[in-house]
Each structure stands twice: as structure tokens, then as C-alpha cells.
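Numbering of ligands and ligand atoms starts at 1, following listing order.
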Amino acid sequence: MCGEPQEHEPAIEVEGLTKLYHRLLAVDHISFVTYRGEAFGFLGPNGAGKSTVVKILTGLVQPSEGTVRILGRPLGDREVRRRIGYLPELPTFHRWLTAEEFLRFHGSLYGLRGSLLRARMEEVLALVGLAGRERQRLGTFSKGMLQRIGLAQALLNRPELLIIDELSTGLDPVGQHDLRSLLLDLKRAGTSIFINSHQLPDVEALCDRVAIINLGRILKVGAPEELFDEPLLVELRAEPLSEALLQRLAQLALAVERDQYDPCRVLLRLRSEEQAAEVAAAVHACGSRLYRLAPHRRSLEQVFLRTIELSRSLQ
Ligand SMILES: Nc1ncnc2c1ncn2[C@@H]1O[C@H](COP(=O)(O)OP(=O)(O)OP(=O)(O)O)[C@@H](O)[C@H]1O
């Protein structure tokens, strides 16, 4: 794993965090820790409470209960704000400003000025692929360019912690790839990243750990590969996948999931690795041909959907 957390020093510490909007419990006593140098992803369906948590972390919303420490300091600490970069979910841009004027304004909020500000502006414009666009008005930027200038703004102060509330909206596949590479480079350089996203492939590629959140509660936290808590899941392709073979597989495996699109394919949850040999023997005993018998890894998207589905069925 690249970007190994730095000596397990925390970046964000959240304890019993709760947010009530009038009677609506948007965040329900959640606790988690992210570490320095780590990219931590927050995944959840619409309305899960993700943006509320980000707004609390960035001081835009007051928590109802609980404690938060960022880079070792309590919420609202002015010095710590200078060490954080924040890309909001739907940044509002002043359309009449040029890219340069926009960055100059945000730079001044970080206390940057003069030659240092000019150097940082040049640096971030190059990083996000907007070098040469300094004089262009934001009103004439495409959605992807606006996303990039938003990120440039968040990187102006060379933040130790970058908080991103939803990324990649409006970016074409090349833009998404470039942005993902940029975030990976920042992580490799030691930047801690907290990212809310619906873009599961981005989260899977970037994040060391993810939390799955729904209805204001954290359902699971772990490395993407740890969340695939089905180590003995195997994919079997055999032809024909007869009723007799399916019955034999149902006796052998803990669970058999048929593929609704491929009549020759099933996923089997085994009790032990040794059972793979029994599965192969059952295929031959039933007179079928074995085309594939291999470990199967669910995608983060499948894990996410199953976790949310399970939590809904338990309500
Ligand atoms: N200012 C507010 N006043 C009242 N309710 C709010 C406010 N902001 C958010 N909520 C409610 O809190 C809940 C969580 O919203 P939040 O925006 O945190 O979810 P989210 O996970 O970020 O969703 P999305 O993925 O759609 O952005 C929702 O039910 C939302 O309607």
C-alpha cells in the first residue's frame, strides 16, 4: 500500500458526533479516526449525512454533540484552518472573475500575498492542468475546468489535509483519470485526504480506508480489500450447469448465487479452500465441463450496495 499512514498520527478524530437539523437526525453519534498520510473515503447514498460531516469538519456547520479534532487541534482553531484545503460539493464561482483573480482572492484568505502567492498560483494551475488560462473568466469555463479551478483553490496553501466533498462531477474520463493521478501524487507526497464520493472506482483507486455511511450512521470501516469479507468466494463456470450439479453445489457450499445473465456461471461461498477440489470433482461427476474455478473479488460498488441493502432490510 502506498502512502502508509505516518506513524499512525491522527489527521481527523471524531467522537460521538451528532447533528440534529431541527428534528432530523442527520448524523447519529458517529466516531472514526483518519491518519496522517492516509486517504480516507466516505461513501453513502444521497442524504446519508456525508456532506453534513464535511461541513462540520470545515467549520461551516455546528455539531449538536460530540468532539472533533483536526491535525491535533479542536474544531475552529484558526491556525489549523490554514493547513486545510477544502473543495466543496457545489462550489459557487464568481463568473466575472478570471482564474487569476479568483485564486488571488482565495490566496489572500490564506494570508498569501506577493511573490509567494504568484508562485503558488502558477504551481496549482500547472498541477490541475490549467496553465495558460489565468486570464480567462470563470463564466467561460467548462464544468470540468470549474472542477479543476476549485481544486486549484483548495491546494493553494499546500494543505496537510485536503477535504473533498464529491469529486469528478462534470469531468470526462481523461479528466477523471488526471484528477485521480493528481490525488494519488498528493497522497504519495504525504497529504492526508478525506473524500466524500459517489465515484466508487475513484474511491477504490485512491483510498486506503473507507467508511460506509447510511442514515447518519457508519455501517462499516476498513481497507477496501478488508470490506470484501468473503475470502472464500469463488466463481464457477461450467457447462451444462444442470439441476443435478446445482443441487450438489448447494450441498457443498454455504451459499450459491446464480448469475442472472450467464446460465453457466455461479458464485459459491465455500467453507474452506480445500472445498475447491470438491467443487471441481462435482462438476466432473455430473458430466459437465469446467471452464473456470477461481477466487472472486466483489467490487467496492457491490460491497457498498450489499451493505446498504442489508442495513435497509434490518430497519
Ligand atoms: N441545512 C439543513 N437543514 C435541514 N436539513 C438538512 C440540512 N442539510 C442537510 N439536511 C438533511 O440532512 C440529511 C443529510 O444530508 P447530507 O447533505 O449530509 O447528506 P449527503 O450524504 O451528503 O447526501 P448527498 O450525497 O445527496 O449530497 C438529509 O436528510 C438532508 O435533507
Q: Provide the number and element of each atom of ligand 1 under 4.0 Å from a heavy atom of A48.
A: 19 (O), 20 (P), 21 (O)
**Q.** Connected via hydrophobic side-chain network under 4.5 Å: L249 and L270
**A.** yes
(Q) Protein heavy atoms near atom 11 (C) of ligand 1, is at least one of them under 4.0 angstrom away? (A) yes
Q. Is the closest basic N to carboxylate O distance between E122 and R118 below 4.0 Å?
A. no
Q. Roughly how far apart are L103 CG and L156 CG, rounded to 0.5 Å?
A. 5.0 Å
Q) Do T34 and E38 meet the criterion of a side-chain donor-acceptor pair at a distance under 3.5 Å? A) no
Q.
Closer than 4.0 angstrom, basic N to acidic O: yes or no for E166 and K50?
A. no
Q.
Would K50 count as a polar contact of ligand 1, with the cut-off being nitrogen or oxygen pairs under 3.5 Å?
A. yes
Q. Can you tell me which residue and heavy atom of the protein come closest to atom 14 (C) of ligand 1, and the distance to 0.1 Å?
A. G47 O, 3.4 Å
**Q.** Numbering as shown, the atoms of ligand 1 that approach P45 to under 4.0 Å (heavy-atom distance)
**A.** 21 (O)
Q.
Over 60° means perpendicular and under 30° means parallel, so tell me whether Y35 and H8 are parallel, tilted or perpendicular.
A. perpendicular
Q | Closest non-hydrogen atom pair between G49 and V27, with its separation | A | O-CG2, 3.9 Å
Q | Nitrogen or oxygen of A26 less than 3.5 angstrom from that of ligand 1 | A | no
Q: Give the cluster check for I149 versus I164: same hydrophobic cluster or not, with ILVMFWY residues linked at side-chain heavy-atom distances below 4.5 Å.
A: yes
Q) Any heavy atom of G44 sitting closer than 4.0 Å to ligand 1? A) no
Q) Does at least one non-hydrogen atom of G216 fall below 4.0 angstrom from an atom of ligand 1? A) no
Q) Tell me: protein heavy atom nearest atom 3 (N) of ligand 1, and distance? A) Y21 CD2, 3.5 Å
Q.
Quick check: is F42 connected to V210 through a chain of hydrophobic side chains (ILVMFWY, heavy atoms under 4.5 Å apart)?
A. no
Q: Might you check, step by step, whether the distance between atom 24 (P) of ligand 1 and some protein heavy atom is under 4.0 Å?
A: yes
Q. Any idea how F105 and H94 line up, ring-wise: parallel (<30°), tilted (30 to 60°), or perpendicular (>60°)?
A. perpendicular
Q.
Return the closest protein heavy atom for atom 19 (O) of ligand 1 as residue, atom name and distance.
A. G49 N, 3.2 Å
Q: Report the part of L24 (side chain from C-beta onward, or backbone N, CA, C, O) that has a heavy atom under 4.0 Å from ligand 1; answer both or neither where that applies.
A: side chain
Q: Quick one: look up the protein heavy atom nearest atom 27 (O) of ligand 1 and list residue, atom name and how far away it is.
A: E89 OE2, 3.2 Å
Q: Measure the distance from atom 17 (O) of ligand 1 to every protein heavy atom, then report the residue, atom name and distance (to 0.1 Å) of the closest one.
A: S51 CB, 3.7 Å
Q. So which heavy atom in the protein is nearest atom 16 (P) of ligand 1, and how far is it from that ligand atom?
A. T52 OG1, 3.6 Å
Q.
As an exercise, identify every atom of ligand 1 less than 4.0 angstrom from a heavy atom of N46.
A. 23 (O), 24 (P), 25 (O), 26 (O)
